[in-house]
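For reference, the structure is listed below as structure tokens.
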Amino acid sequence: MTRLTAERVTVRRGGRAIVDDVSLTLESGSFVGLLGPNGAGKSTLMAALVGLLRPEEGSVLLDGAPIAGMDRRALARTRAYLPQNPRAEWPISVERLVALGLTPQLPVFGPLSGTMQAQVHAAIAQFDLAQHRDQPATTLSGGELARAMLARALVGEPDLLLADEPLAGLDPRHALDGVRRLRGLADDGRLVMASIHELTLAARYTTHVAVMLEGELIAFGPTATTLTSALLAEVFEVNACITGAGTPAAMVDFVAA
Amino acid sequence: MVSRIGWPLAAAVLLTAGILLSLGTGRVWLDPRALIDGIVQPKPNLAWLILAELRVPRTILGLLVGATMGLSGAVLQGLLRNPLAEPGLLGVSAGAALGAVIAIYFGLSAAFFLATPLLGIAGALLAAALTMQLGRGGTLTMILAGAAVSGLMGAGLNLALNFAPNPYAAYEMTTWLLGSLADRDWDQTLLALPFILAGWVCLILTRRDLDALTLGEAQAESLGIDLARTRLLALAGTALAVGAATAVTGAVSFIGLMAPHLVRPFVGHQPSRVLLPSALFGAILLVFADVATKLVPTAQELKLGVLTSLVGAPFFFWLVGRLRRMSP
């Protein structure tokens with residue numbers, strides 16, 4: 001059982017609180033959708049939750065221990081993070097890209113061990129990338145790259161995965177595939193948090209939603225009870241209609257307020 | 001095109017050929033037989049003296065400097081994920097040049113012949129410290145700090161040339177700045193060696209970090225990489241190795257830019273796998289360039305730095321063209 005807790009986290013930039021006094025507790029087995037309009041502070045909160053950014057006030061705890069004091073590599077072995085629009089800067093093969101996910105497990109010198117090779121191959125198979133194994137990662141399509149990055153993030157079997165807009169830029173089929181995989185990871189007992197703009201997908205596949213507006217966390221709870229028309233109207237300033245939130249048949253529709 | 005298995009073989013052949021040519025050529029052509037005799041059975045004749053006191057240190061220095069440029073270029077291109085990064089970027093080369101020119105300016109080099117390389121190394125370390133101090137916090141800040149330090153050191157260089165005590169001193173400074181391996185002996189090679197080796201260790205320690213940086217800074221950090229440490233190692237390694245190399249040979253440009261590009265396609269573009277081949281090809285390129293300066297029949301010595309620039313600039317054009325084709 002893994003538990004990630006934010007305790008009164010505040011991040012300021014230029015005198016303004018980008019993340020304002022946010023407290024929440026995430027537990028393994030849940031797929032938390034982080035919702036909110038652009039500029040609400042979702043990315044900043046995620047960066048603080050994964051330990052890339054030290055909040056000015058408050059702290060982030062992993063199983064009760066402050067992550068600010070944890071060993072970088074040890075932390076990297078238990079949680080994975082995918083920033084917005086992750087990409088490969090050099091045309092390395094998909095296999096090597098996925099293997100980079102094992103960086104925190106690697107010894108200082110020497111190549112990947114046999115077990116690690118097997119892990120890489122398993123991750124490639126799990127994300128249906130076998131035919132792209134030797135392809136340069138820079139030539140993958142958006143959907144393939146998103147899968148390759150997920151494979152990269154999960155090859156080391158982390159307990160936590162935090163992904164910033166993993167569905168951005170994906171067509172409906174690939175977005176659906178991506179969100180199903182994220183839910184599958186949560187069902188396997190991992191803790192998954194992803195910021196999502198596709199409200200229908202969030203309503204169908206997340207177990208919990210956390211909703212941010214202007215740096216504040218204004219709602220957090222199980223999707224079925226938290227994601228309501230009134231909440232969407234308040235957050236996104238649209239007239240929304242939600243049916244069946246938290247079920248695979250959920251529908252979200254909205255018109256301008 | 002060389003195949004993936006073929007390139008280490010090609011490198012070995014080229015390196016051996018380069019070393020033999022470098023040992024054989026010069027003001028006096030040494031017969032290959034005399035060369036081998038000299039190596040197998042040292043005899044204190046003229047050929048052996050030329051070999052042991054001039055050719056061998058010059059060849060070793062060439063290999064060290066070329067490998068340093070190739071290695072540092074590969075590390076910096078990996079760190080900055082920029083194909084145009086090269087060892088001079090961080091102000092280290094300019095610092096080394098300024099230190100060396102100060103030694104010539106004040107006539108210290110005439111009084112003590114190791115003054116030029118010593119002050120050159122001091123200049124490189126000072127420039128690196130300045131870049132580090134100014135450029136803390138981010139990769140872009142570090143590049144900008146490097147540019148500022150380069151500019152400052154360049155201004156110092158121009159000042160020294162401006163106020164040169166006599167035309168001969170100005171001439172000596174300019175020719176030194178052009179870069180050369182000529183008349184470098186064991187003392188200078190051995191002086192630079194420990195700095196160069198220490199620099200190599202720092203540079204090679206960044207290899208895992210450079211691989212992770214393929215995913216961008218945020219993902220690299222999330223994988224447990226301490227980017228501040230990576231930047232420090234890359235800068236310190238460049239300061240020690242490139243600083244010492246430049247302090248002994250003067251400015252030798254383009255090798256550090258070219259070598260990583262030449263080897264990258266053959267090792268699958270993974271930054272850590274580029275390092276050693278790039279060092280190897282840097283050494284090969286530099287030794288061949290040095291041989292060429294000895295073989296081209298010119299009244300005055302053709303300076304090594306001039307030759308690498310002449311050959312390197314067209315390569316740069318090619319690189320620009322290729323980048324333009326690759327980006328839509």
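Each chain gets a letter, A, B and so on, in the order its sequence line appears, and its residues count up from 1. Quantities reported herein were computed from a predicted structural model and do not represent experimental measurements.
The most heavy-atom pairs under 4.5 Å with chain B, out of A/Val50, A/Leu106, A/Leu75, come from A/Leu106.
Using a 4.5 Å cut-off between heavy atoms, B/Asp226 touches chain A through backbone and side chain atoms alike. With a threshold of 4.5 angstrom between heavy atoms, B/Ile225 approaches chain A through its backbone and through its side chain.
With rounding to the nearest 0.5 Å, the separation of CD in B/Glu217 from CD in A/Glu89 is 8.5 Å. Separation of atoms CZ (A/Arg96) and CZ (B/Arg273) is listed at 3.5 Å; rounding is to 0.5 Å. Interatomic distance, CD1 of A/Ile92 versus CG of B/Leu215, reported as 6.5 Å (0.5 Å rounding). We find the CG-CG distance between B/Asp211 and A/Leu100 to be 6.0 Å, quoted to the nearest 0.5 Å.
When every heavy atom of B/Gly224 is checked against every heavy atom of A/Ala76, the shortest pair comes out as N-CB, 3.6 Å.
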Pair B/Gln270-A/Ser93, side-chain contact (heavy atoms from CB on, under 4.5 Å): steps then yes or no: CA-CA 9 Å; B/Gln270 193 169 352; A/Ser93 70; over 6 Å; no
Intermediate values then yes/no, side-chain contact (heavy atoms from CB on, under 4.5 Å), B/Arg81 and A/Trp90: CA-CA 8 Å; B/Arg81 287 150 289 139; A/Trp90 300 109; 4.1 Å; yes
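Remark: side-chain polar atoms of A/Arg79 are paired, donor with acceptor, to backbone N or O of B/Ser222 under 3.5 angstrom.
Side-chain contact between B/Leu223 and A/Arg152 is present, with heavy atoms from C-beta onward closer than 4.5 Å. Considering only heavy atoms from C-beta on, A/Pro86 comes within 4.5 Å of B/Gln219 through its side chain.
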